[in-house]
Amino acid sequence: SGDVPAPHVPPGDWRRLTALFVLASFVETVCFGHFTAFLPLLVRGLGVPEVDVPGTVGFLSMAALLFGLPFVPFWGAWAERYSRKAIIVRSAVVEALLFGLIGLATGIGQVAILVPLVGLNLGNTGVMLAEITDRTPRLRLAFAISLVGTAGPLGFAVGPALGGFVADRVGVQPLLVIDALATLVVIGLLVVFYHEDRARPRSPLGVRALVRRALGRSEEHTSELQSH
């Protein structure tokens, strides 16, 4: 029946796993919602002249995206080859460190060095969905995926609204420090309560082979879409 868990997964484990991933995704997007929404205020508060604020914000936003995108296929490959938990926790650790350091920065030069590293946070959502898919009963799978998928947009929507209230009272940088502390809580919960399935088969392929295969599938899918 659809209520029978996948092999190697104790009953109820998928519910805990889904709850952890929902919380992790929500906190992550709340924090990034603060960062993206209030980046102009952060830049201005660190002494950048008003006329240079738009260009500085554009440069920092582009740098974060461009630096992180090339690593995205590798995070998935490393997760399949070695450990999904390590890749998911890695994302939260990077997030906590970067927001904490940006929150403590004293000059725009320090932020310019740190912001591109925000891209190292990418690549965890696909790994979460792969783990959910493997460990959730089939009749509950769509529900579990929908919860994890909803947490991200909800965090982006709620984050700036709540963050604006806090930032007006304590400032943008203290808000980012609060975000870092909230992420530390998430890291602790993931480390303690997320138990990776040790019986899960690991891919025998090397990381580069996995990346090539993933990119090849992506190109094939794009070709099929274009042919239609």
Side-chain angles (χ1 to χ4, degrees), residues 14-42 57-58 60-69 71-73 75-76 79 84-85 87-99 102-103 115-136 138-168 172 175-187 189-190 193-194 214 218 221-222 225:
W14 69 273
R15 296 180 180 87
R16 179 177 62 190
L17 188 67
T18 300
L20 283 172
F21 288 171
V22 166
L23 178 63
S25 297
F26 179 76
V27 171
E28 176 187 358
T29 51
V30 164
C31 297
F32 272 96
H34 293 162
F35 175 74
T36 56
F38 305 129
L39 184 56
L41 300 180
L42 173 67
V57 170
L60 293 175
S61 301
M62 178 189 67
L65 185 64
L66 291 181
F67 185 82
L69 281 178
F71 289 96
V72 171
W75 298 129
R84 290 174 178 172
K85 179 175 181 177
I87 295 302
I88 292 170
V89 172
R90 170 271 325 171
S91 177
V93 170
V94 169
E95 179 183 333
L97 285 173
L98 289 175
F99 285 144
I102 292 173
V115 164
L117 301 181
V118 171
L120 296 178
N121 171 266
L122 301 175
N124 62 332
T125 302
V127 178
M128 288 182 181
L129 293 178
E131 187 77 338
I132 288 288
T133 300
D134 284 351
R135 300 180 62 175
T136 303
R138 292 297 170 255
L139 291 183
R140 300 292 184 268
L141 181 56
F143 175 66
I145 289 176
S146 70
L147 290 178
V148 176
T150 301
L154 183 62
F156 272 121
V158 172
L162 296 178
F165 178 82
V166 176
D168 279 344
V172 175
L175 174 63
L176 295 177
V177 172
I178 293 171
D179 289 339
L181 294 175
T183 305
L184 287 176
V185 174
V186 171
I187 293 170
L189 292 173
L190 287 171
F193 295 109
Y194 171 20
S218 177
H221 181 63
T222 302
L225 291 176

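Scope of the values below: all heavy atoms of this structure, side chains included, with no hydrogens, waters or symmetry mates.
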A.B. asks: For Phe32, check ring-ring contact (aromatic ring centres under 6.0 Å, His included) against everything at least two apart and list the hits.
C.D. replies: Phe99
A.B. asks: Please report the interatomic distance OG1(Thr136) to CD(Glu131), rounded to the nearest 0.5 Å.
C.D. replies: 9.0 Å
A.B. asks: Can you give me every donor-acceptor pair (side chain of residues 146-153, partner residue at least two apart or in another chain, under 3.5 Å) with its distance?
C.D. replies:
residue, atom, partner, partner atom, Å
Ser146, OG, Ala142, O, 3.3
Ser146, OG, Phe143, O, 2.6
Thr150, OG1, Ser146, O, 2.6

A.B. asks: A side-chain contact here means heavy atoms from C-beta on lying under 4.5 Å apart; do Val115 and Ile102 qualify?
C.D. replies: yes
A.B. asks: So, taking the atom named CZ in Arg135 and the one named OG1 in Thr18, what distance separates them when rounded to the nearest 0.5 Å?
C.D. replies: 10.0 Å
A.B. asks: Sequence neighbours left out, what passes ring-ring contact (aromatic ring centres under 6.0 Å, His included) with Phe26? Give chain and number order.
C.D. replies: none
A.B. asks: What pairs with Pro116 under side chain to side chain contact (heavy atoms under 4.5 Å, CB included), at least two apart in sequence or on another chain?
C.D. replies: Ala63, Phe67
A.B. asks: Does any N or O in the side chain of His34 come within less than 3.5 Å of the main-chain N or O of Gly159, such that one atom is a donor and the other an acceptor?
C.D. replies: yes
A.B. asks: According to side chain to side chain contact (heavy atoms under 4.5 Å, CB included), who are the partners of Val166, at least two apart in sequence or on a separate chain?
C.D. replies: Val170, Leu175, Ile178
A.B. asks: Is there side-chain contact between Val30 and Val27, with heavy atoms separated by less than 4.5 Å?
C.D. replies: no
A.B. asks: Test of understanding: with side-chain hydrogen bond (donor to acceptor under 3.5 Å, both in side chains), list the residues that count as partners of Asn121, not counting sequence neighbours.
C.D. replies: Ser91
A.B. asks: Looking only at non-hydrogen atoms, find the nearest pair between Pro160 and Gly155 and report the distance.
C.D. replies: CD-O, 4.2 Å
A.B. asks: What's the spacing between Thr36 OG1 and Leu60 CG if we round to 0.5 Å?
C.D. replies: 12.5 Å
A.B. asks: Minimum heavy-atom separation for Ser61 and Leu39, please, with both atom names.
C.D. replies: OG-CD2, 3.8 Å
A.B. asks: How many angstroms lie between CD1 in Ile145 and OG1 in Thr133, if you round to the nearest 0.5 Å?
C.D. replies: 4.0 Å
A.B. asks: So, do Glu95 and Val186 sit near enough that their side-chain heavy atoms are less than 4.5 Å apart?
C.D. replies: no
A.B. asks: Enter the distance from Leu98:CG to Leu120:CG here, rounded to the nearest 0.5 Å.
C.D. replies: 7.5 Å
A.B. asks: Of the non-hydrogen atoms in Pro40 and Val57, which two are nearest, and what is the gap between them?
C.D. replies: CA-CG2, 3.7 Å
A.B. asks: Check step by step if side-chain contact (heavy atoms from CB on, under 4.5 Å) holds for Leu17 and Tyr194.
C.D. replies: CA-CA 7 Å; Leu17 188 67; Tyr194 171 20; 3.5 Å; yes
A.B. asks: Determine whether Ile88 and Phe21 make a side-chain contact, defined as any pair of heavy atoms from C-beta on separated by less than 4.5 Å.
C.D. replies: yes
A.B. asks: Supply the atom-to-atom distance Ser25 OG to Leu154 CG, rounded to the nearest 0.5 angstrom.
C.D. replies: 11.0 Å
